[in-house]
There are 2 protein chains.
Amino acid sequence: MNAIDNEKQAVVRLAERFGRVRDAHQREQAEDYVELIADLIDGHGEARVVDLAGRLGVTNATVNNTIHRLQRDGLVTSKPYRSIFLTEEGRKLAESARERHRIVRAFLVALGVDADSAEADAEGIEHHVSDATLDAFRRYLGHADAREAKPGSFRGARQGGA
Amino acid sequence: MNAIDNEKQAVVRLAERFGRVRDAHQREQAEDYVELIADLIDGHGEARVVDLAGRLGVTNATVNNTIHRLQRDGLVTSKPYRSIFLTEEGRKLAESARERHRIVRAFLVALGVDADSAEADAEGIEHHVSDATLDAFRRYLGHADAREAKPGSFRGARQGGA
DNA sequence: CACATAAGTTAGTGAAGGCTAATTTTTATA
DNA sequence: TATAAAAATTAGCCTTCACTAACTTATGTG
Ligand SMILES: [Mn+2]
Ligand SMILES: [Mn+2]
Ligand SMILES: [Mn+2]
Ligand SMILES: [Mn+2]
């Protein structure tokens with residue numbers, strides 16, 4: 001009886017994993033948008049549809065649709081023909097997405113992946129990294145830092161910003 | 001003029017990255033399906049709609065639709081009410097997806113992530129890993145193997161198959 | 001072999017996330 | 001300040017990937 005029961009358990013766990021990946025994909029769009037919007041606001045003073053469209057590689061019309069969805073979901077506010085703002089919830093999501101993105105990118109670089117590939121892969125991987133994995137990445141970054149800090153220098157150089 | 005040009009270049013590169021992630025998401029469904037189908041064929045002798053549905057956590061109807069799409073795309077063959085087979089192309093895709101999955105999972109475990117989280121995260125991450133990153137994972141696994149291989153033993157134990 | 005149950009299929013629905021084309025509003029400039 | 005250009009919106013279309021409900025086919029059991 002254990003053989004069959006184990007098999008059933010394994011099937012259920014598999015299904016749960018696939019379900020979690022589907023959930024991550026649902027959040028992904030929102031995370032990328034609010035992260036980008038935060039970057040634009042912080043770096044340009046405002047986030048406009050045309051800026052998002054250019055950076056995402058989609059049309060203005062597509063961005064417009066998505067912004068409406070994000071507004072419906074309480075992550076942004078926007079008035080017709082005006083620029084886009086983050087709600088408090090949106091800002092929080094943006095910060096955490098940004099942090100995760102930063103760590104994943106830095107981790108890949110520390111592991112020896114070239115900067116371009118690291119940046120490209122991080123854009124996808126960031127949405128599929130659990131807290132457990134993120135912690136492991138952080139640990140590795142700590143060790144990598146310590147390893148490359150030359151004895152005598154006060155602190156090892158952090159990652160080489162692009 | 002370089003300031004503005006650089007900015008434009010950065011925007012284009014960002015857009016390309018997001019485009020690549022969108023492409024990966026399009027391939028993702030196909031990869032997971034053929035990998036699962038290969039596992040079922042190799043482990044159970046055949047792959048049936050009901051098995052896929054149970055393991056993916058979706059309904060039979062959903063699997064049916066997807067199988068039609070995969071058949072249209074030349075990855076599987078199937079006749080009404082019969083089980084599903086991989087084309088040569090489908091089998092190749094399955095093997096490479098399986099290999100990538102295996103490496104990503106083993107890498108996360110070697111990095112210190114618990115087995116459950118590693119398995120869950122690998123299911124999403126596997127689709128966003130470039131060859132460059134996969135190589136870095138392989139290198140790390142090689143080192144990890146070497147590190148934990150006790151001097152005197154011929155070859156360190158490879159990953160503990162689930 | 002009849003017939004109940006399991007498996008597979010079909011039809012219809014809906015949201016997400018893309019697109020183009022046409023229109024409206026805002027912004028910049030002659 | 002007219003008017004041209006840029007930006008945003010709307011409308012309509014398409015594919016993917018989910019679902020439920022109803023139906024058909026296959027399978028297994030008494
Ligand atoms: Mn990101
Ligand atoms: Mn991303
Ligand atoms: Mn897989
Ligand atoms: Mn997967």
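Keep in mind it's a predicted model, so treat the numbers as computed, not measured.
- Ring geometry for His128(A) against His128(B) counts as parallel: the plane angle stays under 30°, on a 0 to 90° scale with 60° as the upper cut.
- Put simply, CD on Gln29(A) and CZ on Arg22(B) are 8.5 Å apart, with the number rounded to the nearest 0.5 Å.
- The pair Arg48(A)-Glu46(A) meets the salt-bridge criterion, since a charged nitrogen lies less than 4.0 angstrom from a carboxylate oxygen.
- One atom, CG of Leu70(A), and another, C1' of dG17(C), lie 12 Å apart when rounded to the nearest Å.
- Taking the side chain of Arg72(B) as heavy atoms from C-beta on, and the options dT16(D), dC19(C), dA16(C), the nearest nucleotide is dT16(D).
- For Val109(B), the side-chain contact (heavy atoms from CB on, under 4.5 Å) partners at least two apart in sequence or on another chain are Ala118(B).
- Regarding Arg69(A), its CZ atom lies at a distance of 13 Å from the C1' atom of dG14(C), rounded to whole Å.
- Using a 4.0 Å cut-off between charged nitrogen and carboxylate oxygen, Arg55(B) and Asp32(B) do not count as a salt-bridge pair.
- In terms of position along DNA chain C, the nucleotide closest to Ser78(B) lies nearer the 5' end than the nucleotide closest to the other residue of the pair Ser78(B) and Gly57(A).
- Thr62(B) has a side-chain polar atom (N or O) that falls below the 4.0 Å cut-off from OP1 or OP2 of dC19(D).
- Remark: Thr59(A) is in phosphate contact with dC19(C), judged by side-chain N or O atoms under 4.0 Å from OP1 or OP2.
- Rounded to whole Å, atom C1' of dA7(D) lies 12 Å from atom CD1 of Ile84(A).
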Between the protein and nucleotides 3-8 of chain C, list the N/O to N/O atom pairs that are separated by less than 3.5 angstrom.
from   : atom 1 : to       : atom 2 : distance (Å)
dG8(C) : OP1    : Arg48(B) : NH1    : 2.6
dG8(C) : OP2    : Val50(B) : N      : 2.6
dG8(C) : O3'    : Tyr81(B) : N      : 3.2

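- Computed from coordinates, the Leu52(A) CG to dA7(D) C1' distance equals 13 Å when rounded to whole Å.
- Regarding His68(B), its NE2 atom lies at a distance of 14 Å from the P atom of dT16(D), rounded to whole Å.
- A salt bridge links Arg98(A) to Glu95(A): at least one charged side-chain nitrogen sits closer than 4.0 Å to a carboxylate oxygen.
- Between the side chains of Gln26(B) and His127(B), no donor-acceptor pair is found at a separation under 3.5 Å.
- Distance Asn65(A) CG to dC13(D) P: 15 Å, rounded to the nearest Å.
- Non-hydrogen atoms lying under 4.0 Å from DNA chain C are contributed by Arg22(B), all within residues 15-42 of chain B.
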Intermediate values then yes/no, side chain to side chain donor-acceptor pair (under 3.5 Å), Glu28(B) and His25(A): CA-CA 11 Å; Glu28(B) 178 158 352; His25(A) 285 150; 3.3 Å; yes

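- Using the six-membered ring where Trp is involved, Phe107(B) and Phe137(B) have ring planes that are parallel, under 30° apart on the 30 and 60° scheme.
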